[in-house]
> 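One structure follows; several queries about it will come next.
Order of the sequence lines fixes the chain letters, A, B, ..., with proteins taken first and strands second; residue numbering starts at 1 for each chain.
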Number of protein chains: 2
Amino acid sequence: MATIYEVSKLAGVSLATVSRVINNTATVREATRERVEKAMRELGYQPNTMAQSLASNRSNSVGVVVSELNGPFYGTLLSEIEKAFRAVGKHVVFAASHSDQAIEQQSIEFLKSRRVDALILHVESVSDEYLAKLNQTDCPVIILNRDVPALEKQCITLNNRLGGYLAAHYLLQLGHRDIAYIAGPQWKSDARDRYLGHCDALREAGIEPNPELFYEGDFQETGGTQGFLALQQKAIAFSAVVCGNDEMAAGVIAEAHDQDIDIPEKLSIIGFDNVNFSHYVYPKLTTIDYPIASMGQMAAHWILQHVYQQKTPPLQQLFEPKLVIRDSTTHYDDNCAKNSP
Amino acid sequence: MATIYEVSKLAGVSLATVSRVINNTATVREATRERVEKAMRELGYQPNTMAQSLASNRSNSVGVVVSELNGPFYGTLLSEIEKAFRAVGKHVVFAASHSDQAIEQQSIEFLKSRRVDALILHVESVSDEYLAKLNQTDCPVIILNRDVPALEKQCITLNNRLGGYLAAHYLLQLGHRDIAYIAGPQWKSDARDRYLGHCDALREAGIEPNPELFYEGDFQETGGTQGFLALQQKAIAFSAVVCGNDEMAAGVIAEAHDQDIDIPEKLSIIGFDNVNFSHYVYPKLTTIDYPIASMGQMAAHWILQHVYQQKTPPLQQLFEPKLVIRDSTTHYDDNCAKNSP
DNA sequence: TTGTAAGCGTTATCAC
DNA sequence: GTGATAACGCTTACAA
């Protein structure tokens, strides 16, 4: 593989000049540039990125760590990030923590050891302090789906509260009054915010949230099923159930099928995230769209701008969810048997 | 960040010795090794991977290119590959071709410019010749889900024909005789093989495959829907339909719902791949499991063994699919209205 | 505008 | 066993 030295010899210029045309780092006379480019072409020259990195103290690569890769969510994220960086010749190296708390921090360190120029993190278990410290080293960090006060300029988040509001508001609009809620783990801020938005909408409609209609699940399909069963045990009936995410909504739907409950006629169900399988469930799931692709893109833009000094469209930190109406919800009907024991 | 030089000074040894303890590359007296290790710990030393790569001509990273990242398939693949390599301190950098023919080759070149030690490819559009040439350079290639004759030792594939056989065989066993087939694009060898297996089972049962019961789809959900509609137009009735993949099966199920056709009572449906949403469709999809996780792991093992000289479990190139029985299939029943105009 | 030369932090080849 | 020292291929002052 040809080196910069051979190029310089063939073009009859110095190493420095070749480097200049490679990096556009100083003005080079047009004639010279052309001679160099010709030489590069003839030799099929490709800069050795390792040498570049070593000399410039820049790896031209960014790291991404996500908690899970199997799910319907992170593929889209990674895909978008990679696309954005490749367009400017930067590589992305990634690690998955496989939802393991111990591995998460280790993943970050692992990528740092690769001297990535920046890190995009979608993580849950590491502490705010750790993230703040990390950012102070040499490696800017941008954080998805989480608010770290010390890093407020570098967090890209969804307005989860608004999302929760939109879901409940839609159901209220359809005439539902007794709306059950199957939440995600309440130690997670997004799960909490979604429920807060839910309560906002209820109160706005003059309804006080009823603890009897609340169940704390685990964001998994089975959690949805269990939540639905638990809610049915209670004394109070409901005509709709909103879930903290689509997986749990799928769990509810599955159980409803088992019990021969017609959806949406007897029970309206609404999810959250709009993951890629949400239109494979039957009936197709009404849900709240989480614009993960745009958020990934924005993370890339932030780094492009702040780390690589590239021009990008204006940055945005807070994203708005949108209601996606499909077939799992319908008007409240007095005749509909409310769901209760 | 501490360098190897500082470590050597603190430990009172030469650069070379420190390098030796880092790489276990020659015998170092126990006392010396300990002094060096202590120094490394005290300085929080981490080798600079760029410098290592430059000097050793090894990047300690492997590249992965996949055609798509959104789908339900590649996340699992990447996840498994990353896990295997991280365990031995190797990084993985990836690129997605976003199903774009032009980008695919460019993605490969992009990763090669990063001097990856090896490449794992799940690609369709580049030619066999290109792959063979690629492998001859400096960069071993391992290929997933595709047979490249010139690289037969480096291809990891699924026995698609067996998979097709298993699906049809199961339906025959259930008593179905008129079985429609919605295939993937027949220029793809996996799509072809699956159908061949289907025919194998039919002939084994003394049934000659009927071209009227065959439709060539596109592996997409909409293709399944269109295929189902097209098959219904034909003069011949069928009691079951097998699809070249799960997406198309989902399309058939959606259309069946629209037409109020009971599944599986009136129509049995079977997919292929066992993607992560296959149990979210209703009824849960009977399908053929594609062991993508094991295959990704095997790709990693191959590289670990041949490129990094690590010991691994024995390698395996051909994987066997398995029938996964769920709720979209049932016994053939004479009373069942066959599907026809 | 172009050239010279000193790094960048390792590994690897010699000697000792 | 250990230590000098020359690569590795590039960037980047500093000169010219």
> Rounded to whole Å, how long is the line connecting atom CZ of A/Arg29 with atom P of C/dT1?
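Whole-Å distance recorded here is 8 Å.
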> For a quick check of understanding: with a heavy-atom distance under 4.0 Å over all strands, which category does A/Asn23 fall into, base, sugar-phosphate or nothing?
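The answer is sugar-phosphate, as A/Asn23 gets under 4.0 Å only of primed atoms, P, OP1 or OP2.
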> Can you tell me which nucleotide in D/dC10, D/dC8, C/dA12 comes closest to the side chain of A/Gln52?
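For A/Gln52, the side-chain atoms sit closest to D/dC10.
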> Hey, is B/Lys9 close enough to B/Glu6 for a salt bridge, meaning N to O under 4.0 Å?
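So B/Lys9 does not pair with B/Glu6 through a salt bridge.
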> How many whole angstroms separate atom OH of A/Tyr5 from atom P of D/dG9?
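Checked: the OH to P distance equals 13 Å.
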> Can you check whether B/Tyr290 reaches B/Asn145 side chain to side chain, under 4.5 Å on heavy atoms?
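The answer is yes; the side chains approach within 4.5 Å.
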> Rounded off to whole Å, could you give me the NZ-to-C1' distance for the A/Lys9 and C/dT2 pair?
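Nearest whole value for this atom pair: 19 Å.
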> Side chain of A/Ser56, heavy atoms from C-beta onward: which of D/dG9, C/dT10, D/dT12 has the nearest atom to it?
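When the side chain of A/Ser56 is considered, D/dT12 is the closest of D/dG9, C/dT10, D/dT12.
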> NA contact type, B/Thr32, heavy-atom cut-off 4.0 Å: base, sugar-phosphate, or nothing?
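Touches sugar-phosphate only.
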> Provide, to the nearest angstrom, the distance between the CG atom belonging to A/Asn48 and the P atom belonging to C/dT10.
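It works out to 17 Å between those atoms.
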> Whether A/Thr17 contacts C/dT2 is assessed here as follows: a side-chain N or O lying under 4.0 Å from the phosphate OP1 or OP2. Is that the case?
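So the side-chain polar atoms of A/Thr17 never come under 4.0 Å of the phosphate oxygens OP1 or OP2 of C/dT2.
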> Toward the 5' end of DNA chain D, which comes first, A/Arg20 or B/Arg35, by nearest nucleotide?
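Result of the comparison: B/Arg35.
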> Under the side chain to side chain contact (heavy atoms under 4.5 Å, CB included) criterion, do A/Ser61 and B/Arg114 qualify, and how do the steps go?
CA-CA 10 Å; A/Ser61 66; B/Arg114 234 233 175 290; 3.2 Å; yes
> Roughly, in whole Å, what's the span from CZ in A/Arg114 to C1' in C/dG9?
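Distance check: A/Arg114 CZ to C/dG9 C1' gives 15 Å.
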> For A/Tyr45 and B/Ser14, find the nucleotide of DNA chain D closest to each by heavy atoms; which residue's nucleotide sits nearer the 5' end?
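Going by which nucleotide is closer to the 5' end, it is B/Ser14.
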> Remember a base hit wins even if backbone is also touched, and classify A/Ser19 as base, sugar-phosphate or nothing at under 4.0 Å, heavy atoms.
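Base contact.
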> Between A/Leu54 and A/Ala16, just flag the one whose closest nucleotide in DNA chain C comes earlier from the 5' side.
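Counting from the 5' end, the first nearest nucleotide belongs to A/Ala16.
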> Any base atoms under 4.0 Å from B/Val13, or only sugar-phosphate, or nothing? Heavy atoms, all strands.
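Sugar-phosphate contact only - B/Val13 comes under 4.0 Å of backbone atoms but never of a base.
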> Rounded to the nearest angstrom, tell me the gap between atom CE in A/Met50 and atom C1' in C/dG7.
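Rounded to the whole Å, the gap is 20 Å.
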> Let's see if you can work this out: which of D/dG9, D/dC10, C/dT10 has an atom nearest to the side-chain heavy atoms of A/Ile4?
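Given the options D/dG9, D/dC10, C/dT10, the side chain of A/Ile4 is closest to D/dC10.
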> Quickly work out the B/Met1 CE to C/dT10 C1' distance and round it to whole Å.
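Interatomic distance, CE of B/Met1 to C1' of C/dT10: 15 Å.
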> Between A/Gln305, A/His306, A/His301, which is the residue that forms a side-chain hydrogen bond (donor to acceptor under 3.5 Å, both in side chains) with A/Thr312?
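Of the listed options, the one satisfying the test is A/Gln305.
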> Less than 4.5 Å apart, side chain to side chain, heavy atoms only: is that true for B/His91 and A/Ser113?
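With C-beta onward as the side chain, the pair touches.
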> For B/Glu34 and D/dT2, give me the distance from atom CD to atom P, rounded to whole Å.
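B/Glu34 atom CD is separated from D/dT2 atom P by 12 Å.
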